[in-house]
Structure formats: structure tokens, C-alpha cells
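Working notes, structure below.
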There are 2 protein chains.
Amino acid sequence: MSNQNPICNLLNIDYPIIQAGMAGSTTPELVAAISNEGGLGTIGAGYMNHEQLLTEINEVHQLTQNSFAVNLFVPEHPDVDESAIKLMQSILEPYYSKYNLNVPDIKSHTYESFEQMIDIIIEKHVPIVSFTFGIPDNKMISKLQSNDIKVIGSAASVEEAFLCEQAKMDAVVIQGYEAGGHRANFKTTNNIGLFALIPQVADVINIPIIAAGGIMDHRGINAALALGASGVQMGTAFLTSKESKAPVIHKEAIFNASETDTVLTKAISGKEARGIKNLLISQLEKFNDDILPYPYQNDLTSSLRKQAALHYQVEDLHLWCGQAPRLAKNNTAKEIFSEIIKNVSAY
Amino acid sequence: MSNQNPICNLLNIDYPIIQAGMAGSTTPELVAAISNEGGLGTIGAGYMNHEQLLTEINEVHQLTQNSFAVNLFVPEHPDVDESAIKLMQSILEPYYSKYNLNVPDIKSHTYESFEQMIDIIIEKHVPIVSFTFGIPDNKMISKLQSNDIKVIGSAASVEEAFLCEQAKMDAVVIQGYEAGGHRANFKTTNNIGLFALIPQVADVINIPIIAAGGIMDHRGINAALALGASGVQMGTAFLTSKESKAPVIHKEAIFNASETDTVLTKAISGKEARGIKNLLISQLEKFNDDILPYPYQNDLTSSLRKQAALHYQVEDLHLWCGQAPRLAKNNTAKEIFSEIIKNVSAY
């Protein structure tokens, strides 16, 4: 049946199911498990350095012969002044003290470093790369494609999907309002529910559409295909798998959550993201006007969140989660994947 | 095929497609057109008085032999003090002047009057009644059911859907974040996208589910059924029909809108609703803290909005619309309906 499906053809997979590149939570074991089952595993490399990326790619190559992807964040460099950074550092001081951390500084996020990530991907023959938070320059896209690497974009509106098509990307993930983790928006700001988004995008663009947001089982996949998508991307569904390295307290928070427990917030990273509401969000949202733009806010909160995970402090952690936590499963990735495809209609 | 579908069986219709009870925009011609095509037309009686309701029911009875519904708003009486009313009246004064209107007062919305609407529905043998903004008391529900009238509730979360089931309602409309017009929430506040909402509700309740929000054509219907709904309710799709009495400038605004043009606002009626953003919304949102609770804010803005429609002032009108305006059609209700069912899969 994969012969009929443009996503299966394009990505050389058996089922049009992509494991989202959840930065910080994927492991080579998770990526390989999904790819070995006939889906597309994705290394979430958004926060990785060159060494980490290289190591992870090598490990995935050892664990699967099948197609897999790397997900990267297109770098952003918004203006921010020193006093704003100092102010946020002082707001976060109680957390640094609590976890005996040095006050972190903002990091350098250069395009050169980003280009070197691309070179590693080409060198190691990763078959697919997906981009979030924007569209890389034409040169980079054609460099990847001339090396026989497929390029997937991310969009949250018709306009953004159209821009991905215009940039000659091979396929596009369209992200609904329901999605957990960071919003993919890079041009438009409103968040559109998948029911409305998929058919409106499908009527405008011709490259294959991968739907993302709140999809947790075969029902969501069948619905996405009915609306005009060719495949789906699932994050939360695989975040709770045994192979994901999301902290146990994060997984447990998802298992205990209901559909009304998540919120969209910029407080944690500086970019809007959906997670289960906890004290970290409500405390930081008191200083909403002082939140730094992404990636700087993220730079200042990442060390404290790492420590919070180590100390089982669920109230100080990012708890990324889509709007369907009631459907989350405490299983291996292979079990979750098998359960899904057992019930998917023909596509 | 209707024999297989619980919504078709329950409501005695051929297709599980309900025209939403869009208060202020339905006409007997619209209701009858949908019912004559085998769907369920709905008189949007939320703002009607007894006489208007009686007249509309009589007219629908003359235009169709088929099943149809009346939609009512369960009345609410939040506390509000005289000074808050005066303040909002003064904020709205420029609009009253612009349209030569007397300053309106808030209206009385009694439960007694609501009970009399129910008596009219029973007397005139309306086969189905749907409720929005809450659950009426047990006595009213059983009175309707003992008169062989089916009762449909409205919910926007798993908890609310469960409460409708516990109240012994016959079916429930579950409204996604995508939906145009007023939010149905009466207990929970977060808005959930349909992709996430339908399957989570379907796993918990046993009464048939009617999905609403951003559904405009066969693709949305097929998707809703795949996710676990038994039928759909469509508002915006029929609001732009020739038979709807939504002002022409409202219909044109929908035809010209994209998926990113709608917002949720309390500014117009005091209750959160989705519409195309215009000056009325952005002006009133400057006074967000002074917006009266529903129905009082609505009482103070309805006359100016009526005049705005008469004077083709699209910036002073409520422009209720779901998140899929690109899919709206400028056709008769019969044409829109026929186009939809031509492509719906078996259910």
C-alpha cells in the first residue's frame, strides 16, 4: 500500500507516520524503533552541538538500515539588550539558587554552526532532514537535495505552507493548534485547528502534507488522511514511550493530564509552546513583559530545567504535551507503533 | 445507510449533518432546505421571543415534513452592578450616536420565559431541541423527552460532554476550538481542537457525538466520523448560504477571509466567540476589563450591530466565522448540502 502514498514514496517508508523530532527527548533507540517498524524516526537535533549530532547519527545507523530523519531549528537572532538579559537573570535567580547553579549566559546561535550541522548530515548520508522555525536559504535546500537528501518544512498556516512549497521543499508538516511543544509559526501568528487547517492547505499547495497536532492513534491518522494530508507526525504519542528520554516525571504528568490541562506559553523558551501548566509557567508569566525572545529565554532556563528533572521537581520543568494526553500510552515505541498501524485504514 | 448511524436513527434524518442553530442568522427557508435534503435544520432561537419562535416554527412546519430542531440558550444571570452597566454604556456612546440610537438598557432573561419557550416547542411538536451554554434542569429535560422530543446538549470538553450524558441528554455536540460564533463552554475554560477532543470524548461517553468546528465539506465529515463522532454540526458552511439572513457584508467578509483572520473575543457579547477581527473588536478590547458578562454586554451592543448591518458598516458588526473561511461557498443551502453529501464516505 505504501506505493500509493506520496509520503511513503518520498521518504522510503512503509507507513506515513513520522515520529516528531522532539528536541531533548529523542534517543537513537526511539528513532531506530520507529524506523524499524516502517515509520520515520527523527533525531531531535534542535539543541544538539556537532559532536552530539554526529554521535547520534552513528548510533542510529547501527540500529537501523531504514530511512530516518534529523530535525533542525533554523537559527534566529532577535535583538536583545544586556539590561533585558540581566533582568531575566535576576527573575530566575531563585531557581539558580535552589539548584546551586551558576547564572547562565545567553549562547551564540550562528548560521555558520547551523551550516556545519548540514555538512554532518550530508557526510553521514542521513536520508531526510526536517526544519522547524522557518525556511533555510535556497542554497542550503538545494545543497541537501543535490546530495539526494529530502527536505521537509514546517508550517502553521496556508501562507507558511505555500512558502515551504515555493522554497522547493519536498513535503511540509502542517502543525495544528492542538500540537504539544513549540509552535512552528514563522510568519503568521494565529494558531489554526487541524480540522480547519488541513483542507485549506490541501486546496492551495501540491507538495505532500504531513499533519501534526493531537494525533495519538489510528483515528487521528485516518482523519488526517480524510482531510487531505498524506501522512502524520506524532510527538506526544512517542514522548511517553520507554525509549524517549523525557524525564519520568514529565511522562507521568502526561499520563495524569486531561485535555484541558495544557496551555500555550512563551515563558519557558521565549517562543510559544504548549505544555501542561505548572508553577514554572505561572510564576514566569507574572513577568510576561520581561520574557526574552527565543532562543535567549531558553538559554537562561535550560540548566534549571535539567536540574529540576534530576531532582524530580515537576513544578519547575517544561512539560510539553499536546491536547490529547488522555490517549498517551506507557509502552515501548514498537508496541505503540504496532497498535497504531493495526487499525489504520488503507491509504 | 442511515440505518447504521446512531444520529440518523435518533433524529430521523438521512445524513448525520446538522445545520447549527446560528442565533440571528437562520430563516425558516434555511432550516427547511437542510431538512428537506435529509439533514437536520435548526431554528436558531437563542435571541427570539415567544412570538418570533412560534412564527418561525409554524413557517418551518409549512416548508418541510421532515425532522428539524430548535436551538436555545440556557439563561444565565451573572451579577453585575449598575455602575458597570453605565460605564459600558458610556464606552459604547459613540456607536449609539453614530447610528442615532437610544442608549439601550440590559434586558431581563428569566428562566420562566425560557420555560415558556419549551412549552411552545412541545405544543408545536418540534421533534428535537438543542441547548447551548449549559444544561437545563432535569425536570425540563424529562418533560421534553416524555413528549417524545429528543434533547441535544453542547460541550467543549470531556467533562462537559460527560455532564450532558449524566443529565440523560440523547446526544451531544462537541465543539472544537475551530468553531465560529459563541463558545459552548459552561464548566471548563480551555478550548480544545477537534482532532484532540473527539477521540478523548468518544473514549469516555456512550451517547452519540456530533462534532462541530471548522467542518465545511465532506472531508471534515469523513474525518469526524474517523475520530469517533457519529455526525457533524456545521455553522459557517451554511451561514453564507443564500437562505441565511446573515447580512451580505458578513457573508462577504467570510468570502474574503483567510484562516488566520478570526479571533476569540468576549468584547461583543460578554461571552467568548470566534469572529473575523474588525474595528469593533479591537476598539472594545481596549476596555477589556470593563466588558460586561454575557448576556448584558450583548444587550448593550445588539442594537448598534443591527444598525451597522443596515448601513453596510462591516467594521461595526459581529462577523462570526469558524477557522475555515477559505472553504465557504456562495450558493443555496440545497446546493451546498448536495455538494457535501455527494462526497461523504459510507457511515
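Convention: sequence-line order gives letters A, B, ...; per-chain numbering from 1. When reading the values below, keep in mind they use all heavy atoms of this one structure, side chains included, and skip hydrogens, waters and symmetry mates.
In this structure, the portions of Ala224(A) lying under 4.5 Å from any heavy atom of chain B include both its backbone and its side chain. With a 4.5 Å cut-off on non-hydrogen atoms, Tyr177(B) touches chain A through its side chain but not through its backbone. Of the atoms belonging to Ser157(B), heavy atoms from both backbone and side chain fall under 4.5 Å from chain A. Proximity to chain B is limited to the backbone of Thr262(A), based on heavy atoms less than 4.5 angstrom apart.
With a 6.0 Å radius and a threshold of 12 heavy atoms from other residues, nucleotides or ligands, Lys266(B) has its NZ atom at or below the threshold.
Nearest heavy atom pair, residue Asp261(B) against residue Asn190(A), reads N-ND2, 4.4 Å. Of all heavy-atom pairs between Ala226(A) and Ala223(B), the closest is CB-N, 3.9 Å.
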- Given side chain to side chain contact (heavy atoms under 4.5 Å, CB included), test Phe195(A) with Ile198(B) step by step and report yes or no. CA-CA 11 Å; Phe195(A) 249 84; Ile198(B) 299 174; 4.1 Å; yes

Report task. For side chain to side chain contact (heavy atoms under 4.5 Å, CB included), just list the numbers for Val158(B) and Arg326(A), CA-CA rounded to whole Å, side-chain angles, deciding distance to a tenth of an Å, and then say yes or no. Result -> CA-CA 10 Å; Val158(B) 175; Arg326(A) 292 175 188 259; 3.5 Å; yes

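From Gln200(B), atom CD reaches atom CD of Gln323(A) across 8.5 Å, with rounding to the nearest 0.5 Å. To the nearest 0.5 Å, the span separating CG on Asn191(A) from CG on Asn191(B) amounts to 12.0 Å. Atom CG of Leu227(B) and atom NE2 of His218(A) lie 9.5 Å apart (nearest 0.5 Å). The distance from the OG1 atom of Thr260(A) to the CD atom of Glu159(B) is 7.5 Å, given to the nearest 0.5 Å. From Leu194(B), atom CG reaches atom CD of Glu178(A) across 8.0 Å, with rounding to the nearest 0.5 Å.
Chain A forms the most heavy-atom pairs under 4.5 Å with one residue out of Gly176(B), Gly214(B), Pro199(B), and that residue is Pro199(B).
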